[in-house]
Amino acid sequence: MSRPEHRAPPELFYNEEEAGKYTSNSRMIDIQVQMSERAVELLALPQDEPCLLLDLGCGSGLSGSVLEDQGHTWIGMDISQAMLNVALEREVEGDLLLSDLGQGVPFRAGTFDGAISVSALQWLCNADKKSHNPIKRLYKFFSMLFASLTRTARAVLQFYPENSEQAELITAQAMKAGFFGGMVVDYPNSTRAKKFFLVLMTGTCIQLPQALGEESERTSVIYTHRREQLKKMRGKPLKKSRDWILEKKERRRKQGKETKPDSKYTGRKRSGRF
Amino acid sequence: MKLLTHNMLTSKCMKGVTVGYPLGIVAKDIKVSETEFNSEFVSRIIPKLDWNALWKAADSIGHSGDLPQQLMEDYENNEEFLKKVHHVLLEVEIINGELVCPESGRKFPISQGIPNMLLNEDEL
């Protein structure tokens with residue numbers, strides 16, 4: 001299955017049929033809501049303060065609703081009229097704008113206390129028209145976004161990079177526009193659960209927030225030693241040793257799967273009867 | 001489109017436009033609704049507003065109400081005043097009409113409450 005942005009430009013891809021999925025497909029809705037909630041978490045907004053936020057690529061207003069639920073006021077931008085129509089049907093509270101992010105973010109300086117974007121940025125990397133220059137569009141987007149944020153605001157953009165070069169290109173344009181920050185990758189070891197969040201700050205760079213599904217440095221060093229030993233053995237290790245079991249459970253945790261906590265009974269020696 | 005959004009919106013994505021603010025409003029249909037009043041949000045947003053532009057915009061569509069032309073001092077505790085600001089910012093919506101760029105004269109149509117800010121190739 002090819003990537004959506006290779007099939008058509010966003011204003012055509014997100015037609016009525018596709019937009020309809022954002023109200024009917026519960027799995028899609030769940031994932032979008034989860035990512036929106038995580039993006040808001042990464043925004044690190046001051047607690048219990050209602051803020052004015054920007055939703056870039058707001059689409060059907062799913063992410064905007066998450067912002068509303070948390071008591072914020074938001075303004076959304078999207079290029080697809082069909083998606084915005086769904087947002088109107090859902091009677092979202094945020095104001096909507098029909099616009100192309102690659103043409104810029106047309107707001108006065110210091111307007112927003114934060115900005116989020118869920119699954120939109122990858123669309124800016126393709127030249128949908130002959131006149132498009134993706135790098136210039138990305139730079140225009142990031143530089144105008146930078147101007148529209150307050151000096152303590154963050155922008156958190158979740159997206160699906162095609163490859164590491166694309167992720168680097170996007171990050172480079174953001175840095176060129178004056179942002180500090182970088183990528184936070186949740187569940188880096190799972191192909192399914194892996195999510196990329198570009199966390200951008202306008203002020204000086206504070207340490208990037210901890211990604212989900214990450215273990216501490218020390219534990220991983222111990223297991224590497226065991227893993228190398230097992231690799232040296234031909235075929236499957238004959239003994240499902242305790243270390244192998246603990247390592248396997250750690251892998252499952254990193255993948256975001258439900259795993260029982262480790263205890264003194266993990267991989268205990270059973271008597272011959274088992 | 002609410003007047004809060006109008007107060008922040010510019011046309012500066014366009015080629016040759018330096019400020020592009022404030023945008024003129026030509027309103028064909030206006031809707032007035034009731035929304036939840038949050039005094040904290042209103043008092044935090046007031047310093048960000050261009051008060052003059054807000055008053056002019058509200059006045060041009062005939063909904064300035066009792067909003068004073070000059071921003072008064074010590075508004076944080078004046079609940080009456082905050083409610084008036086809340087009404088103008090968040091309860092008056094332009095459903096159909098146009099926004100006009102003050103520098104180029106370019107018109108941005110508003111339909112169903114959504115302004116169309118998409119620019120043509122030659123305007124970038």
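Protein chains get the first letters and strands the later ones, always in sequence-line order, with residue 1 at the start of each.
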How many angstroms lie between atom [atom1] of [X] and atom [atom2] of [Y], to the nearest 0.5 angstrom?
| X | Y | atom1 | atom2 | result |
| --- | --- | --- | --- | --- |
| B/Met117 | A/Ile79 | CE | CD1 | 14.0 Å |
| B/Gln112 | A/Leu96 | CD | CG | 10.5 Å |
| A/Glu93 | B/Ser33 | CD | OG | 10.0 Å |
| A/Asp95 | B/Lys2 | CG | NZ | 4.5 Å |
| A/Leu54 | B/Met8 | CG | CE | 12.0 Å |
| B/Phe41 | A/Glu49 | CZ | CD | 11.5 Å |

Can you establish whether the number of heavy atoms outside [X] located under 6.0 Å from its atom [atom1] is more than 12?
| X | atom1 | value |
| --- | --- | --- |
| A/Arg27 | CZ | no |
| B/Gln70 | CD | no |
| B/Lys84 | NZ | yes |
| B/Asp66 | CG | no |
| A/Gln34 | CD | no |

Is there side-chain contact between [X] and [Y], with heavy atoms separated by less than 4.5 Å?
| X | Y | result |
| --- | --- | --- |
| B/Leu118 | A/Leu98 | yes |
| A/Asp113 | B/Arg44 | yes |
| B/Leu124 | A/Gln103 | yes |
| A/Phe107 | B/Thr10 | no |
| A/Leu88 | B/Ile114 | yes |
| A/Leu97 | B/Leu9 | yes |
| B/Met14 | A/Pro106 | no |
| B/Lys48 | A/Thr150 | yes |

Can you tell which of A/Ser99, A/Pro50, A/Gly104 has the highest number of heavy-atom pairs within less than 4.5 Å of chain B?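 Going by pairs under 4.5 Å, I would pick A/Pro50.
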Check your understanding: Between A/Thr73 and B/Leu4, is a side-chain contact (heavy atoms from CB on, under 4.5 Å) present by the stated rule, with each step listed?
Key -> CA-CA 10 Å; A/Thr73 303; B/Leu4 170 59; 4.2 Å; yes
Under 4.5 Å heavy-atom distance to chain A, tell me which part of [X] shows up: side chain, backbone, both or neither.
| X | answer |
| --- | --- |
| B/Tyr21 | side chain |
| B/Asn38 | side chain |
| B/Ile110 | neither |

Contact part of A/Asp78 toward chain B, heavy-atom cut-off under 4.5 Å: side chain, backbone, both or neither?
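Looking at A/Asp78, nothing touches chain B.
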Please classify the contact of A/Ile75 with chain B as side chain, backbone, both or neither, using a heavy-atom distance under 4.5 Å.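 Only the side chain of A/Ile75 comes within 4.5 Å of chain B.
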Checklist entry - Picking from B/Glu123, B/Glu40, B/Glu36, which has the most non-hydrogen pairs under 4.5 angstrom with chain A? => result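 When all of B/Glu123, B/Glu40, B/Glu36 are compared, B/Glu40 has the most.
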Subject >> Winner by heavy-atom pair count (cut-off under 4.5 Å) against chain A, out of B/Asn7, B/Leu90, B/Thr35 >> reply: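 Looking at each of B/Asn7, B/Leu90, B/Thr35 in turn, B/Asn7 comes out on top.
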